Amino acid sequence: MELDASQAVGKIATSLPGAAAVFRSHGISFCCGGSDSIEVAAEAAGLSPETLVDELQGLVDAASTEAPDGTADLIKHLRTRYHDTHRAELISLIPLAAKVERVHGDHPDAPIGLANLLERIQSDLHSHMHREELMLFPLMERGDHQALTRPIEQMRHEHDVEAGHLAELEHVTGGFHLPDGACNSWRALYAGAKKFADDLVQHMHLENEVLFPRFTGGPL
Ligand SMILES: [Fe+2]
Ligand SMILES: [Fe+2]
């Protein structure tokens with residue numbers, strides 16, 4: 001993954017593990033200001049673009065270190081650490097979001113629409129991960145490179161759609177910022193939703209940058 005200051009912060013925040021936290025720490029919005037380049041966003045935040053690129057480059061260097069070397073082991077890791085975890089977490093996050101919206105709907109910071117957004121993500125991921133498990137991963141384990149070109153393109157496209165949903169998640173929660181006096185449900189919801197979002201970025205990063213290039217010769 002190559003970084004330069006012309007890239008859009010929205011794309012980096014949703015594809016590079018840890019980048020969202022870096023942008024938040026500098027007060028850089030990557031949902032509403034997602035189309036801004038790193039250069040524009042850094043200058044608006046009072047930073048030099050080189051400093052911000054260097055900080056993000058450190059994340060690139062660290063991002064793939066958890067990936068097991070062998071393809072079968074990497075696929076097993078993706079299934080257990082990410083697919084199974086996303087499924088379990090979304091099952092509990094959706095009713096929790098609905099509860100917070102219902103109880104605190106008149107609060108100006110209430111995350112209105114969050115339960116619906118999480119349901120859309122759940123529906124997309126259910127289908128996406130099912131097809132990876134039933135079709136994509138078995139082809140990879142058989143080493144069938146030729147049959148993988150189109151499916152990998154499709155999966156990359158679906159990852160981009162989920163990156164858009166992650167930007168919506170950032171927007172609807174105000175960057176997971178809790179209002180003063182937030183109740184325990186609201187706190188649990190934002191902690192859980194942030195952990196889910198961070199996991200999804202890492203999951204898609206491992207597929208886009210580590211797994212898929214083994215079958216396509218490099219990022220498309
Ligand atoms: Fe996956
Ligand atoms: Fe995927």
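Quick caveat: nothing in here was measured; it's all calculated off a predicted structure. Every number for a ligand or one of its atoms is a count from 1 in the order of the listing.
A salt bridge between R87 and E133 is present, with a side-chain N of the basic residue lying under 4.0 Å from a carboxylate O of the acidic one. Salt bridge status for R156 with D160: absent, with no side-chain N to carboxylate O gap under 4.0 Å. Using a cut-off of 4.0 Å between Lys/Arg side-chain N and Asp/Glu carboxylate O, E168 and R120 are scored as salt-bridged.
A pairwise comparison of heavy atoms in S37 and S6 identifies CB-O, 3.6 Å as the closest pair.
Distances shorter than 2.8 Å separate the Fe ion (ligand 1) from the protein N/O/S atoms H83 NE2, E132 OE1, H203 NE2, E207 OE2.
With hydrogens and angles disregarded, a donor-acceptor distance shorter than 3.5 Å links the side chain of Q7 to the backbone of E2.
Evaluation of the side chain to side chain donor-acceptor pair (under 3.5 Å) rule for E119 yields no partner, not counting sequence neighbours.
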